[in-house]
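To start, the structure under review is shown below, and the notes come after it.
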Protein chains: 2
Amino acid sequence: MMVAANVRDVAALARVSVGTVSNVLNGTKKVAPGTEKRVLEAIETLGFVRNDAARQLRVGQSRMVGMMVLDVGNPFFTDLARGVEDTLALSSRSLILGNSAEDAAREESYLHLFEEQRVAGLLVTPVSRTTDRLERLRRRGTPVVLVDRFGGIGDFSSVSVDDRRGGQIALQHLVDIGRVRPTFIGGSSAVVQVSERLHGAQSVLSEAGIAPLRVIERPYMSADAGRDAAEELLALEPSERPDSIFAANDLLALGVLQALTRAGVRVPDDIAIIGYDDIYFAASAAVPLSSVRQPTWGMGKAAAELLTAEIDGTAGSEFQHVVFEPELMARESTRVPA
Amino acid sequence: MMVAANVRDVAALARVSVGTVSNVLNGTKKVAPGTEKRVLEAIETLGFVRNDAARQLRVGQSRMVGMMVLDVGNPFFTDLARGVEDTLALSSRSLILGNSAEDAAREESYLHLFEEQRVAGLLVTPVSRTTDRLERLRRRGTPVVLVDRFGGIGDFSSVSVDDRRGGQIALQHLVDIGRVRPTFIGGSSAVVQVSERLHGAQSVLSEAGIAPLRVIERPYMSADAGRDAAEELLALEPSERPDSIFAANDLLALGVLQALTRAGVRVPDDIAIIGYDDIYFAASAAVPLSSVRQPTWGMGKAAAELLTAEIDGTAGSEFQHVVFEPELMARESTRVPA
DNA sequence: GATTCGAGTTATATCGATTCAATCGTCCTC
DNA sequence: GAGGACGATTGAATCGATATAACTCGAATC
């Protein structure tokens, strides 16, 4: 269990000063070719690896970026994270991923961790509407970019998709295929994405003069929750059942689909289903699932670019809001019955 | 852009020494209740958050654990990561997740990052067979546990599933339903999991006296790669086509399923398919996919426990190998045609 | 030949939390 | 009332990399 070598050891072996070693490591100042070679050889033979804690303490900032997501089990967020990761790599930064699992306490604990780490920047898909912690982070000088959420509250740059529009698109599609008793299945209404999609959906209904939207709320947007919600619908009198379902994300929709199919309900003939996110698995589901697509990887890239600009100080003084447009992906699950 | 408060500021405001602040923060030594209260109030009013880089520099080790996975886009690995994360939280440690994407260069770069961070421990699903870097990490005193791979090479504790047995189970199942011309679709044979599953499969064939297994290798195990491999099979003369496919993971299998169905091939009647991992989406696929299940979350938990024991020094001197048993999940995609 | 210049190098202060030997009180014991 | 004993607190040293001001030495300039 040998002790790790440090710059001092490297300097001694290469017969130079620690300052020179640092210059070789960071390329901040010119170093004579011969000297550089000696230093690199010393690093090699000692197996020296820079202690980032020391570097960070001195420099005052980490080379890491923190990212808070609502659910790592949801392919939407892992795709997002990959877009971010690929983009950060270009400026040799890396990502610490935190999973709040839609839980405010877990979110808080990760934000605290990120703050202790003095991350260079933060990408957040917040659980709730309160931004106290984020304000604090920013006051400390840490750039924050909201992801998948328009930065209306508080002044933060943001990358988002027009969720209200997405809700409209989904419900308009259901209306277009002749459905008149839609039900919305969503996660906690405290999650902004959920309530926005719901509002969008409701706006279509009021215009079309259709009965108000039935709403089923589940604390968490997983496939299990979707199955569970479907059970609730199956317990209704057949005459009371909806003829179509708009689920706030694809995991919910896939769970619903599975439970309905198992119970002998025909999709889309008896009940049509449309989801949200267009994750990869939506298209290959038992009944290929209609969904509202978001340009996931691109959103991650855009978010990372906004953040990088703020970190490097190349961003303007104004906060930017990049808003992507959602897109309908109509598939079998909302086909018009023959 | 105020400068962050440090322990010195807190100490001054609470009228104590920095040592006392540290004791309150870490609970290392008893502090009088009144003093503690003053310190906590000072922390509150200053909005002080400990600088972890400084802490880590002094202590010599981080509270983070690194984890290298082959593909974050694969639900198998995110489930694994959640098992790890949940378990690490019990000892208030957290996780940095690195995605090698089955690429040795990316793996190397993440391992370097983890080494710079002086992570407390490392969980690795390695891409290749070489363990130089891991040996170095360990020589430096960082515990390493291999995940999803038996630690035959080099002395590392490990958590794994008997992949050879899994391959046997899958192919035996295909033989049991009467298939005689199976094809194996896998990722790079440099990935140990792939070659083990293949070996297991081949061992069944030689015993059953069936023609040797056709093998299609793709560099990466994604659904796209699966679709691509299926195209290759579709280009064959119908008489040359396999009657069954064993895919090295479910993503590949789902891609294959999609391409075959689109081309009008009936599954399972014309070609039966079995995958591996039993990810959530396997059961809800267009044709519910048979698969070989691994106890994913439990593997993550076991790995985190082994690692935690090594970090805390409560592990014995012997390296441990936890081996889980794979389990057949037979579904529609390998049903015996009526 | 003296002076300036500049590339290369060095020595040292610094970042902020933790640690540990030393100190300070206060109470207890004989 | 002296001497311990013990709990609470202090303050300086420390971890390792980086930044900066100072310095060296040879070449160019006049």
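What's counted below: heavy atoms across the whole structure, side chains too, no hydrogens, waters or symmetry copies.
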Rounding to a whole Å, what distance do you find between Asp9(B):CG and dC15(C):C1'?
-> 13 Å

Is the distance from OP1 or OP2 of dT18(D) to the nearest side-chain N or O of Thr28(A) less than 4.0 Å?
-> no

Nearest-neighbour nucleotide for the Ala32(B) side chain, dT18(D), dA17(C), dA8(D) considered = dA8(D)

Starting from the 5' end of DNA chain D, give me the residue, Leu57(A) or Lys29(A), whose nearest nucleotide shows up first.
-> Leu57(A)

Considering heavy-atom distances to DNA chain D, does Val59(B) or Leu25(A) have its closest nucleotide positioned more toward the 5' end?
-> Val59(B)

Report the distance from atom CD of Glu36(B) to atom C1' of dG7(D), rounded to the nearest whole Å.
-> 15 Å

How is Asp52(B) classified with respect to the nucleic acid when contacts are heavy atoms under 4.0 Å: base, sugar-phosphate, or nothing?
-> nothing

Checking all strands, does Val21(B) fall into the base, sugar-phosphate, or nothing category for heavy-atom contacts under 4.0 angstrom?
-> nothing

Do the side chains of Asn99(B) and Met68(B) get nearer than 4.5 Å, heavy atoms only?
-> no

Arg58(B) (side chain) and dT14(D) (base): donor-acceptor pair under 3.5 Å | yes

Euclidean distance, atom CD of residue Gln61(A) to atom C1' of dA19(D) [Å, nearest integer] | 16 Å

Value in whole Å for how far the C1' atom of dG16(C) lies from CD of Gln56(B) | 13 Å

Does dG16(C) have OP1 or OP2 sitting under 4.0 Å from an N or O in the side chain of Asn51(B)?
-> no

Nearest whole angstrom, please: distance from the P of dT18(D) to the CZ of Arg63(A).
-> 11 Å

Side chains of Tyr220(B) and Asp71(B): do they bring a donor and an acceptor to under 3.5 Å?
-> yes

Taking CZ from Arg118(B) and P from dA17(C), how many angstroms apart are they, rounded to a whole number?
-> 21 Å

May I ask you to check whether Thr87(A) and Glu305(A) show a side-chain donor-acceptor distance below 3.5 Å?
-> no

N-O pairing of Glu135(B) and Arg138(B) below 4.0 Å = yes

Between Arg50(A) and dT18(D), is there a side-chain N or O to OP1/OP2 distance below 4.0 Å?
-> yes

Spacing of Asn26(A) atom CG relative to dA17(D) atom C1', expressed in whole Å | 8 Å

Rounded to whole angstroms, how far apart are CG on Asn6(A) and P on dT18(D)?
-> 12 Å

Ignoring backbone atoms, test whether Thr20(B) places a side-chain nitrogen or oxygen under 4.0 Å from the OP1 or OP2 oxygen of dT10(D).
-> yes

Validation row: Asn26(A), Ser22(A) side chains within 4.5 angstrom (heavy atoms) = yes

